[in-house]
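Reviewing the structure listed below.
In what follows, every heavy atom counts, from backbone to side chain, and hydrogens, waters and symmetry copies are set aside. On a predicted model such as this, the values are computed, not experimentally measured, just so you know.
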Amino acid sequence: MKIRVYYEDTDCGGVVYHSNYLNFCERARSELFFQKGLTPHQPREFFVVKSLEANYISPALFGDELFIKTSLLEKKSASLVLNQEIFKDEKLLFSMKVKVAYLKDGKPSKIPNDMFEVFKND
């Protein structure tokens, strides 16, 4: 997924504010669903972030065009571990390992097969 860094994404120095990298990754995960005609959220069932590990490597700046790459690292019946990386051109700026759990009626639940297909690495 490609995104552009806007003024609202940055601090007063034009550097992307640290929490916005998480927002960019969240948008990229949602976009994977939208591209397949699905939605990551239903009224009673959805994914939630259980844990994450973030690595800030180099800053993104106002006006930069970024590319977010998402790949599946681990798959269990009710959770996934994903690797997400943010690049500017070929330069890696940020990487994150995120564990998401699937909840139905507020409890961990088996992820439907069509949801697993969204994260297949092609």
inquiry  = Whether the Lys91 and Ser58 side chains hold a donor-acceptor pair (N or O, under 3.5 Å, no angle test) is what I'd like checked.
reply    =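 Ser58 and Lys91 do have a side-chain donor-acceptor pair below 3.5 Å.
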
ask   = Is the side chain of Thr10 donor-acceptor paired with the backbone N or O of Tyr7 at a distance under 3.5 Å, no angle test?
value =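 Yes, the answer is positive, given that a donor and an acceptor are paired below the 3.5 Å cut-off.
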
message = Tell me if the centroids of the rings in Tyr56 and Tyr21 come within less than 6.0 Å of each other.
response =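 Yes: the rings meet the under 6.0 Å criterion.
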
ask   = Which residues, ordered by chain and number, are linked to Val48 in its hydrophobic cluster, where ILVMFWY side chains connect at heavy-atom gaps below 4.5 Å, directly or through other members?
value =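 The other cluster members (ILVMFWY side chains, heavy atoms under 4.5 Å, direct or chained) are Phe46, Leu103.
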
Point-to-point distance, once rounded to the nearest 0.5 Å, from [atom1] of [X] to [atom2] of [Y]:
X     : Y      : atom1 : atom2 : result
His18 : Asn23  : NE2   : CG    : 10.0 Å
Asn20 : Tyr6   : CG    : OH    : 13.5 Å
Ser79 : Lys50  : OG    : NZ    : 8.5 Å
Leu80 : Tyr102 : CG    : OH    : 11.0 Å
Asp9  : Asp64  : CG    : CG    : 10.5 Å

message = Taking Arg4 first and then Glu65, would you say they form a salt bridge - that is, a charged N and a carboxylate O separated by under 4.0 Å?
response =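 A salt bridge links Arg4 with Glu65.
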
inquiry  = I'd like to check Val16 versus Phe62 (side-chain heavy atoms, cut-off strictly below 4.5 Å). Are they in contact?
reply    =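 No, their side chains stay 4.5 Å or more apart.
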
task = Establish, for the pair Lys75 and Phe116, whether the NZ or CZ atom is under 6.0 angstrom from the six-membered ring centre and no further than 45 degrees off its axis.
result =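 Here Lys75 passes the 6.0 Å and 45° test against Phe116.
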
inquiry  = For residues Ile3 and Phe87: do they belong to one hydrophobic cluster (side chain heavy atoms under 4.5 Å, members Ile, Leu, Val, Met, Phe, Trp, Tyr)?
reply    =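 Each belongs to a different hydrophobic cluster.
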
inquiry  = Checking side-chain contact (heavy atoms from CB on, under 4.5 Å) between Thr70 and each of Met96, Glu31, Met1, Gln84, which is the one that passes?
reply    =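 That would be Gln84.
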
